[in-house]
Each structure stands twice: as structure tokens, then as C-alpha cells.
There are 2 protein chains.
Amino acid sequence: MGTRKEISELPPEADLARADSLAREIFSDVANKWAFLIIEFLGQGTMRFGELRDEIGGISHKMLTQNLRMLERNGLVRRTVHPTVPPRVEYTLTEAGEGLRLVVDGMCGWTQRYLGHIEAARSRFRDPVAG
Amino acid sequence: MGTRKEISELPPEADLARADSLAREIFSDVANKWAFLIIEFLGQGTMRFGELRDEIGGISHKMLTQNLRMLERNGLVRRTVHPTVPPRVEYTLTEAGEGLRLVVDGMCGWTQRYLGHIEAARSRFRDPVAG
DNA sequence: CCGTATCCTGCTGGATACTG
DNA sequence: CAGTATCCAGCAGGATACGG
């Protein structure tokens with residue numbers, strides 16, 4: 001075997017290679033902007049439906065419900081209903097959800113770090129001469 | 001620069017709070033499954049259009065083109081055209097792209113680690129009694 | 001081989017209204 | 001307050017064709 005790395009472990013994308021694999025399916029489910037925003041804001045702590053809606057901003061009732069159900073189905077978010085009037089429903093990250101939160105935090109950091117690069121690239125793309 | 005105080009005490013999602021902020025816009029652009037898959041597979045090294053298409057699998061010509069343009073526009077991917085016949089077009093991650101790759105690698109690792117949790121959660125969701 | 005354009009279908013996702 | 005359902009405009013995204 002080669003001299004490239006000491007350990008010939010599988011590359012990180014190994015399980016994404018087959019489009020019909022479970023890993024690929026989960027990846028495709030979760031890697032969308034609403035899911036990421038929900039995970040990120042829920043990272044602040046347990047929140048009610050309306051609170052979360054307000055925190056995120058710009059998300060419709062329908063999209064929030066739909067994505068929360070998807071995240072619940074995949075065990076990233078736990079839903080707790082308090083049988084009061086009016087009802088109080090709280091959402092919390094599970095352990096898996098907290099794990100994903102670290103990834104999303106990483107993406108937030110990345111956005112911060114490369115904001116300048118990206119803006120520059122955008123103007124270069126609009127006007128290839130000036131760059 | 002001098003002794004600037006660390007601003008890292010702000011929560012990671014601070015810049016995502018306003019739905020119309022630049023950070024939020026970039027975040028929303030890039031956090032989608034095709035972009036992530038492209039970044040991840042391009043992490044293996046420079047690739048031609050067709051190669052990348054084959055590696056990813058299950059992506060249409062149109063989606064690949066469209067997302068590659070978006071990533072190029074944001075400076076995550078560099079496009080090199082070799083003026084031969086037939087043409088040879090190669091795509092490479094930029095520094096910013098490599099930075100994002102680390103995040104996506106993190107997500108691949110997360111998927112691996114919680115695959116079992118997620119499968120369990122799914123069956124629990126289908127049949128709340130049995131678990 | 002790669003890019004762009006066009007067509008067309010089905011799904012996304014917003015707005016609204018009603019229920020408990 | 002939260003969930004679900006309905007309606008429907010608009011875009012996503014696949015298939016195809018042609019040009020460089």
C-alpha cells in the first residue's frame with residue numbers, strides 16, 4: 001500500500017458513495033438550511049414552538065412544523081407536550097442533536113472566517129476584470 | 001493587529017439572527033445537500049465534470065452545473081478550462097472550500113456515529129410502543 | 001466533453017382557516 | 001398556543017436537444 005498516510009482508514013465520504021445508502025439518505029434529509037437553522041437556534045436551550053419561530057425569523061409555520069417532525073423522526077429533537085390550556089409544547093436537542101449542533105456551529109464559524117473571501121469572490125464573479 | 005478582545009463570546013448563531021444578513025444568506029445558499037456532496041467528493045482532489053458526476057451518483061447534469069456555478073460564485077470552487085478538443089474542465093476546492101470541507105467531514109463523522117441512534121429513533125417513531 | 005437553453009411535471013412552501 | 005388541512009403560485013429539477 002502507499003506511503004500517503006500511516007493509517008489507511010476509509011475516507012469520510014465512504015458511506016455517501018452509494019446514492020441509496022442509509023447514510024446518504026440521512027445526509028440528504030438533514031443537510032438543508034431549515035434543519036440547520038433549527039438545530040443551531042435550539043442549541044440555545046429548550047424552546048417553545050412560537051419562541052423558536054421568532055428566534056429563527058423568516059420561517060413559515062408550515063416549514064417549522066414539517067422540519068421539526070423530520071428532526072423528531074430522526075431522533076435529533078425531542079418534543080414534550082404539557083397538557084395545559086393553552087397547550088405548551090417544548091422542543092429540545094437530543095444527544096444526537098447536540099452532536100449535529102457541533103457541526104453546525106463549525107459551519108457558523110466557517111461563515112464568519114470566510115465572509116470576506118466570499119464577498120470578494122462575488123464581486124470578482126460579477127466583474128472578472130477588477131477582481 | 002494589536003490587542004483586540006476576543007469576540008468569540010458571542011454565540012455561534014449570532015450572525016444568523018437577522019434573516020436578511022449576509023451570513024444568513026451564505027448559510028442558506030451553501031447548506032443544501034448537493035453543495036455538501038459536491039464539496040465532500042471534491043475533497044478527494046481535483047476532478048473533471050463527468051468524473052464528479054459519476055462519483056456523486058444520482059445528480060442530474062443540470063443540478064451539478066447549477067450548484068458548481070453557485071459554489072464558484074461564492075469562491076468555494078475554482079474552475080479551470082483547458083482549451084483542448086474535446087474540452088477538459090477541472091474543478092478544485094479553494095481555501096474557503098477546504099475550510100467548508102472540514103465541516104462536511106464533521107457531518108460525515110456525525111452520521112457514522114449516530115447511525116444506530118437514528119435507525120432506533122425511526123422505528124420508535126413508526127411504532128411508539130415497541131421502541 | 002462540457003455548457004446552455006427549453007420544455008414540462010410535480011413538489012415546495014406560503015397564506016389561510018379551523019380544531020382542540 | 002400549537003397542529004393539521006387545503007389551496008395554489010412558483011420554482012425545482014429531470015429529460016432532451018443542440019452548440020462550441
Side-chain angles (χ1 to χ4, degrees), chain A residues 19-20 24-25 27-39 41-42 45-74 76-93 125-126 128, chain B residues 19-20 24-25 27-39 41-42 45-74 76-93 125-126 128:
Chain A
D20 60 341
R24 174 74 162 261
E25 186 193 320
F27 194 91
S28 296
D29 250 30
V30 174
N32 82 70
K33 67 169 178 173
W34 292 131
F36 269 37
L37 286 168
I38 290 171
I39 294 290
F41 282 102
L42 261 193
T46 296
M47 273 185 218
R48 302 183 59 176
F49 184 89
E51 262 180 297
L52 189 51
R53 193 193 200 311
D54 292 344
E55 281 292 327
I56 294 178
I59 188 171
S60 69
H61 189 137
K62 184 178 176 180
M63 278 302 97
L64 184 52
T65 307
Q66 206 165 284
N67 278 277
L68 279 170
R69 289 293 166 277
M70 181 272 287
L71 292 172
E72 194 192 354
R73 188 177 84 91
N74 287 313
L76 308 198
V77 159
R78 181 168 31 254
R79 177 168 174 272
T80 313
V81 181
H82 297 87
T84 59
V85 178
R88 180 182 188 87
V89 182
E90 293 182 327
Y91 294 92
T92 316
L93 293 185
F125 199 80
R126 278 196 298 274
Chain B
D20 60 341
R24 174 75 162 261
E25 186 194 319
F27 195 91
S28 297
D29 250 29
V30 174
N32 82 71
K33 68 169 176 174
W34 291 132
F36 269 38
L37 286 168
I38 290 171
I39 293 289
F41 281 102
L42 261 192
T46 296
M47 273 185 218
R48 302 183 59 178
F49 184 90
E51 263 180 296
L52 188 53
R53 192 191 199 314
D54 293 344
E55 282 290 328
I56 294 178
I59 187 171
S60 69
H61 188 135
K62 184 179 175 178
M63 278 303 97
L64 184 52
T65 307
Q66 205 165 285
N67 279 275
L68 280 170
R69 290 294 166 276
M70 182 274 286
L71 293 172
E72 196 193 352
R73 188 176 85 89
N74 287 313
L76 308 198
V77 159
R78 182 169 28 255
R79 178 171 174 269
T80 313
V81 181
H82 297 87
T84 60
V85 177
R88 181 182 187 87
V89 182
E90 294 183 327
Y91 293 91
T92 316
L93 293 184
F125 199 80
R126 277 194 299 273

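Convention: sequence-line order gives letters A, B, ...; per-chain numbering from 1.
- Taking CD from A:E90 and CE from A:M47, the interatomic distance works out to 11.0 Å, rounded to the nearest 0.5 Å.
- In this structure, the CD atom of A:E90 is 13 Å from the C1' atom of D:dA2, given to the nearest Å.
- Remark: the backbone N or O of B:R48 is paired with a side-chain donor or acceptor of B:E51 at under 3.5 angstrom.
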Audit row: A:F41, A:Y91, ring-ring contact (aromatic ring centres under 6.0 Å, His included) steps and yes/no: CA-CA 11 Å; A:F41 282 102; A:Y91 294 92; over 10 Å; no

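- Checking D:dC1, D:dG13, D:dG3 against the side-chain heavy atoms of A:Y91 singles out D:dG3 as nearest.
- Between A:R79 and A:L68, the closest side-chain pair of non-hydrogen atoms is not below 4.5 Å.
- Projected onto DNA chain C by closest heavy-atom contact, A:P87 and A:I59 fall at different nucleotides, the more 5' of which corresponds to A:I59.
- At a non-hydrogen distance threshold of 4.0 Å, B:R79, B:P86 from residues 76-86 of chain B come into contact with DNA chain C.
- Between A:K62 and A:R88, the one whose closest nucleotide on DNA chain D sits nearer the 5' end is A:R88.
- Comparing A:H61 and B:Q66 by the nucleotide of DNA chain D whose heavy atom lies nearest to each, the residue mapping closer to the 5' end is A:H61.
- To the nearest 0.5 angstrom, A:L71 atom CG is 10.5 Å from A:R69 atom CZ.
- Contact footprint of chain A on DNA chain C: nucleotides with an atom under 4.0 Å from a non-hydrogen protein atom, first to last in 5' to 3' order, C:dG13 to C:dG20.
- Counting non-hydrogen atoms under 4.0 angstrom, B:R69 reaches the backbone sugars and phosphates but no base.
- Interatomic distance, A:E72 CD to A:T65 OG1, rounded to the nearest 0.5 Å: 11.5 Å.
- The terminal axes of the helix from C:dC1-D:dG20 to C:dG20-D:dC1, fitted over 5 pairs per end, subtend an angle of 40° to the nearest 10°.
- Put simply, A:R48 has no side-chain N or O that comes within less than 4.0 Å of OP1 or OP2 on D:dC1.
- Remark: side-chain polar atoms of A:R53 are paired, donor with acceptor, to backbone N or O of A:I59 under 3.5 angstrom.
- Ion pairing between a basic and an acidic side chain is recognised when a charged N comes within 4.0 Å of a carboxylate O; B:D29 and A:K33 show no such pairing.
- The main-chain N or O of A:W34 is found under 3.5 Å from a side-chain atom of A:N32 such that the two form a donor-acceptor pair.
- In this entry the distance linking CG of A:L64 with P of D:dG3 reads 8 Å, nearest Å.
- Side-chain proximity of A:F49 to the nucleotides D:dT4, D:dG14, D:dA2 is greatest for D:dA2.
- Regarding A:L68, its CG atom lies at a distance of 15 Å from the C1' atom of D:dT4, rounded to whole Å.
- Residues A:I38 and A:L64 have side chains in contact (heavy-atom distance under 4.5 Å, counting atoms from C-beta outward).
- Ring geometry for A:H61 against A:F49 counts as tilted: the plane angle lies between 30° and 60°, on a 0 to 90° scale.
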